[in-house]
Amino acid sequence: MKRIRNFSIIAHIDHGKSTLADRLIQHADLVEDRQFRDQILDNMDIERERGITIKSQTVNLPYKSKINGEEFEFNLIDTPGHVDFSYEVSRALASCEGVLLLVDASQGVEAQTLANLYAAMEHNLVVIPVINKIDLPSADIERVKEEIDGELGLDAESALLCSAKEGTGIEEIFEAVAERIPPPGGDPEKPLSALIFDAQYDSFRGTIISCRIFNGSVHPGDTIRLMAMGTQHRVEEVGIFSLKMEPKKELSAGMVGYIIAGIKTVSDTRIGDTITLDTNPAKEPLPGFKEVKPVVFSSIYPIASDDYLSLADALEKYKLNDAALVYQKDSSAALGQGFRCGFLGLLHLEIVQERLEREFDQSIIMTSPSVQYRFLLTNGNTVIIDNPAYYPEPTEIKMSEEPYIRASIMIPERYVGVVMKLCLERRGVNSRLSYPTSGRVEITFDMPLGEVIFDFYDRLKSITQGYGSFDYEIIDYRESDLVKLDILVNGEKVDALSMIVHREHARERGVKACDSLKDEIPRQQFKIAIQGAIGGKIISRSTITAFRKDVTAKCYGGDISRKRKLLEKQKKGKKRMKVVGSVEIPQSAFMAVLKTDTE
Amino acid sequence: MQFKPPICNPELETTDIDDEPAGLYIHVPFCKTKCPYCDFYSITDCSLIDAWLDALLKEMSFYDKDFSVFDSIYLGGGTPSLLSNRQIKRLMEAIRSHFAFLPDTEITVEANPDDITAAKLNSLQTIGINRLSIGVQSFNEKELKFLKRRHTGSKAKKAVNLAKDWGFTNIGIDLMYGFDGQTVKSWLGTMETAVDLEPAHLSCYQFTLGESTPYGKLKSEGKLKSISEKEEREFFLLTARFLKRNGFIHYEVSNFGKGRKCFSRHNRKYWQHIPYLGLGPAAHSFRNGQRWWNCRSVSEYCKILSQERKPIDGIETLSSDQLRLERLCLGFRTESGVSLNDISNSPSMAGALSQLKQSGFVRIRNNRIIPTQKGYLIADRLPLIFDVCSEE
């Protein structure tokens with residue numbers, strides 16, 4: 001146990017976490033270079049393309065100190081790098097004794113760097129600051145050191161320098177992990193308590209639980225109990241994560257590894273749950289467990305209504321590996337049968353969308369995302385609505401409430417004006433400014449979640465030329481004057497385009513929604529009228545003109561193939577559109593209604 | 001690639017059309033000068049004509065057993081009227097020796113007005129050519145200069161009259177409209193001149209620029225203006241209405257016949273999946289649900305045939321969905337329209353159909369969806385509205 005070091009790398013997005021993980025694995029000589037795929041921990045295509053980690057993975061790295069020849073076993077626990085998955089991050093951190101806090105040498109400390117540091121400090125972890133990307137021409141190591149000292153309150157002299165891309169400074173990181181991070185505590189003789197920090201689905205073996213053993217040990221043949229779920233399972237295999245799973249006779253206190261116990265789906269496990277032995281259970285579960293709740297909701301509909309069953313099947317399969325997604329049947333007058341889904345955040349939503357399309361080959365439409373609103377009705381009941389289609393009768397609403405977040409935004413000082421303006425437009429209140437170091441500002445705002453779920457981060461990035469960083473936590477529900485904005489296409493209300501907005505912004509949002517839809521809905525052979533309405537009163541409108549001509553003069557003699565191929569291409573585009581009434585509405589239109597800035 | 005005679009494609013549902021007499025197309029890939037808007041394959045080196053002809057005769061020998069009987073021959077190009085009387089004679093004799101024809105076979109030659117002389121007409125008539133398709137494009141001198149045609153408007157008029165004098169009754173005139181610089185007035189003038197010449201057939205093509213043509217490149221560089229969609233629509237409707245008033249039947253998007261007997265028999269093969277054999281560089285053929293095409297190079301074409309091989313560049317076997325999509329795409333361009341059997345009878349299709357009917361784009365007759373004049377205007381859109389099959 002003395003030779004084990006459990007640690008994570010935490011960083012603001014794009015500060016090079018995955019690249020550093022690659023280098024550590026390479027350095028540990030686990031893989032031959034020719035087999036090495038860049039960023040080996042991110043093994044899903046989407047992760048690779050987007051350069052973000054969604055599903056965290058763990059790897060066991062053997063290391064022999066170059067200084068005194070001592071042999072170590074490192075467990076690098078990779079963490080998802082996005083605010084949507086902050087609970088998963090917290091469970092991974094709870095499994096560690098230390099972290100490498102990665103800071104980009106040219107970007108410096110960002111909002112997520114701070115949030116990550118706080119999370120690590122909550123778990124009393126040893127923090128090793130690492131300044132990455134020192135090879136960049138724009139690297140400013142001295143400035144970053146000042147920020148580490150001033151903004152993070154860490155000893156800047158203890159910071160390591162590296163370039164994960166070039167592979168420099170890696171040995172020093174290994175030595176620091178061995179030296180500075182303490183070995184895990186815990187008692188192998190005590191009753192088993194192990195923390196689940198991840199679970200993955202394998203079509204042959206069922207759920208593979210990633211866990212950290214705090215006390216006791218677990219062996220194949222044991223009957224384990226998942227304390228929060230209250231279920232028992234017989235252990236088939238335990239082991240550690242080398243690059244492949246490597247079975248072991250046991251996992252004992254201090255170790256990080258996997259348990260396979262005939263658990264069918266990942267939804268039968270809860271991240272943060274405690275595993276103990278059924279025969280000799282721990283007195284109490286490990287602290288920190290909570291049920292993750294979705295905060296963003298959207299409906300998924302098949303583009304062709306015949307594909308409903310195929311979509312149902314795909315969602316069921318997808319769900320095997322994503323416990324965070326919740327869904328139930330939904331139907332829309334405009335779009336037919338579908339599913340209402342709850343997501344951890346907008347990124348989570350996009351990931352589900354992409355994977356359903358790519359891996360499960362579904363043609364789907366997703367409606368614009370919504371948060372959960374609370375309505376106190378005149379009859380004394382409270383209803384929670386996550387779908388604008390179910391907005392209560394306005395006359396029966398006594399009070400409306402919506403979820404608020406505390407947003408933390410870090411920016412260079414020169415952007416304070418534009419960022420304040422953006423936050424105020426998004427109904428931000430209670431602003432506070434602090435100046436952690438000269439030239440940089442941290443702004444916090446209380447804002448409705450509904451105002452940030454859509455394009456807030458994109459807008460922030462754009463108005464700050466990429467310098468703004470953003471983090472948030474959900475704080476509470478607050479009273480708000482809400483109305484439902486309906487969209488009518490050719491006089492027909494399209495329920496899936498409705499949204500719940502603040503009364504004061506309703507007109508403006510209606511105008512912008514009509515404008516965006518005008519750009520997104522392709523012209524058709526007839527004129528299309530788009531209207532925004534509140535309670536039957538039209539507040540905005542736009543018109544899409546009919547196309548006047550769509551025919552080519554010639555069919556090029558016998559070369560009909562050329563013509564057909566063009567049509568086949570156009571058909572593909574049309575397949576991405578949902579026919580509502582007689583109007584074809586592309587996926588982009590469902591998202592565009594939420595766009596608040598049209599410039 | 002050695003091309004085997006196509007075997008029957010089981011996806012082809014309408015087998016009866018395979019028994020219809022086939023069409024024979026000969027691509028004559030030579031022009032005296034290149035028109036800067038034209039996308040068809042041709043070269044200006046006429047010294048290669050004899051080599052091409054040798055190769056063409058060789059190509060015929062590969063196919064003499066594949067098609068039972070033909071009832072149309074079409075010499076297109078390029079500029080077939082560039083061929084000398086001797087060359088045309090040699091070509092026609094070879095065709096007759098390799099293939100079988102029905103007695104009333106339609107035999108068309110495309111001709112540039114500049115090439116139409118008494119001697120040429122005499123020779124064409126002697127070897128049995130019974131239809132002329134004359135590429136006039138415009139009777140307006142200024143426009144002809146823009147189009148870089150080598151003939152003048154008055155020469156074109158004379159050519160048509162001369163052909164009539166020689167006894168050609170089945171004459172088609174090709175015209176072009178909708179390019180920058182043309183006005184409604186000048187286009188009406190061209191059409192009036194054309195109608196006064198009393199041709200049996202008129203093809204009025206909307207000016208279209210292929211990306212790789214010289215004018216297409218100018219357009220993409222922003223150096224050549226094109227007319228607006230609104231103007232395109234107006235020109236199209238003007239053309240359709242004017243010619244209807246003058247007794248022409250608008251039987252295909254760009255084609256007008258003075259009576260049903262004047263419709264181009266050969267083009268109908270393309271539009272109705274009737275078998276056709278295309279010989280010469282870049283020519284396309286279709287038979288039994290298979291389409292194949294030749295290489296797009298005279299020298300390559302000659303070289304391959306000298307090696308006793310077919311000069312085929314590509315071949316595809318159409319799936320039933322592809323055939324159906326083509327039936328939609330071709331059908332909506334013609335007055336015969338599309339069979340109701342070719343669209344699904346789902347409620348959404350029924351809704352789309354009734355909406356199109358109400359808006360006056362199509363009408364239903366004899367179990368077929370027939371495009372109206374307004375429907376022709378969106379003929380490329382209609383197949384997309386009706387084709388919702390979910391293959392791929």
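In what follows, every chain begins at residue 1, and chains take the letters A, B, ... in the order their sequences are listed.
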Exercise for review: Keeping the roles fixed (side chain from R333(B), backbone from T552(A)), state whether a donor-acceptor pair exists under 3.5 Å.
Suggested key: yes
Going from [atom1] on [X] to [atom2] on [Y], what distance comes out if it is rounded to the nearest 0.5 angstrom?
| X | Y | atom1 | atom2 | value |
| --- | --- | --- | --- | --- |
| K565(A) | Q322(B) | NZ | CD | 8.5 Å |
| Q525(A) | L377(B) | CD | CG | 12.0 Å |
| F40(B) | D559(A) | CZ | CG | 9.0 Å |
| Q524(A) | L384(B) | CD | CG | 11.0 Å |
| I560(A) | H273(B) | CD1 | NE2 | 7.0 Å |
| S359(B) | K527(A) | OG | NZ | 12.5 Å |

Taking the side chain as everything from C-beta on, heavy atoms only, tell me whether [X] gets closer than 4.5 Å to [Y].
| X | Y | value |
| --- | --- | --- |
| L567(A) | L325(B) | yes |
| C329(B) | R564(A) | no |
| V551(A) | Y376(B) | no |

Please lay out, stage by stage, how E229(B) and R523(A) fare under the test salt bridge (charged side-chain N to carboxylate O under 4.0 Å, His left out).
CA-CA 13 Å; E229(B) 194 185 286; R523(A) 289 197 301 158; 2.7 Å; yes
Non-hydrogen atoms of chain A under 4.5 Å away: do they reach the side chain of [X], the backbone, both or neither?
| X | answer |
| --- | --- |
| A379(B) | both |
| L328(B) | neither |
| E232(B) | both |
| R291(B) | side chain |
| Y25(B) | neither |

More than 12 foreign heavy atoms under 6.0 Å from CD of E316(A): is that the case here? no
Problem - Neighbour count >12 (heavy atoms, 6.0 Å) for atom NZ, K219(B) - result: no
Heaviest contributor of heavy-atom pairs below 4.5 Å to chain A, chosen from F236(B), W293(B), F361(B), is F361(B)
Heaviest contributor of heavy-atom pairs below 4.5 Å to chain A, chosen from K269(B), R233(B), H27(B), E234(B), is R233(B)
Show your reasoning for whether salt bridge (charged side-chain N to carboxylate O under 4.0 Å, His left out) applies to D321(B) and K571(A).
CA-CA 12 Å; D321(B) 280 335; K571(A) 250 173 72 178; over 6 Å; no
### Query
Side chains of S561(A) and E316(B): donor-acceptor distance under 3.5 Å anywhere?
yes
* **Residues E326(B), K563(A); criterion side chain to side chain contact (heavy atoms under 4.5 Å, CB included); working and verdict** => CA-CA 8 Å; E326(B) 288 196 358; K563(A) 180 105 191 147; over 6 Å; no
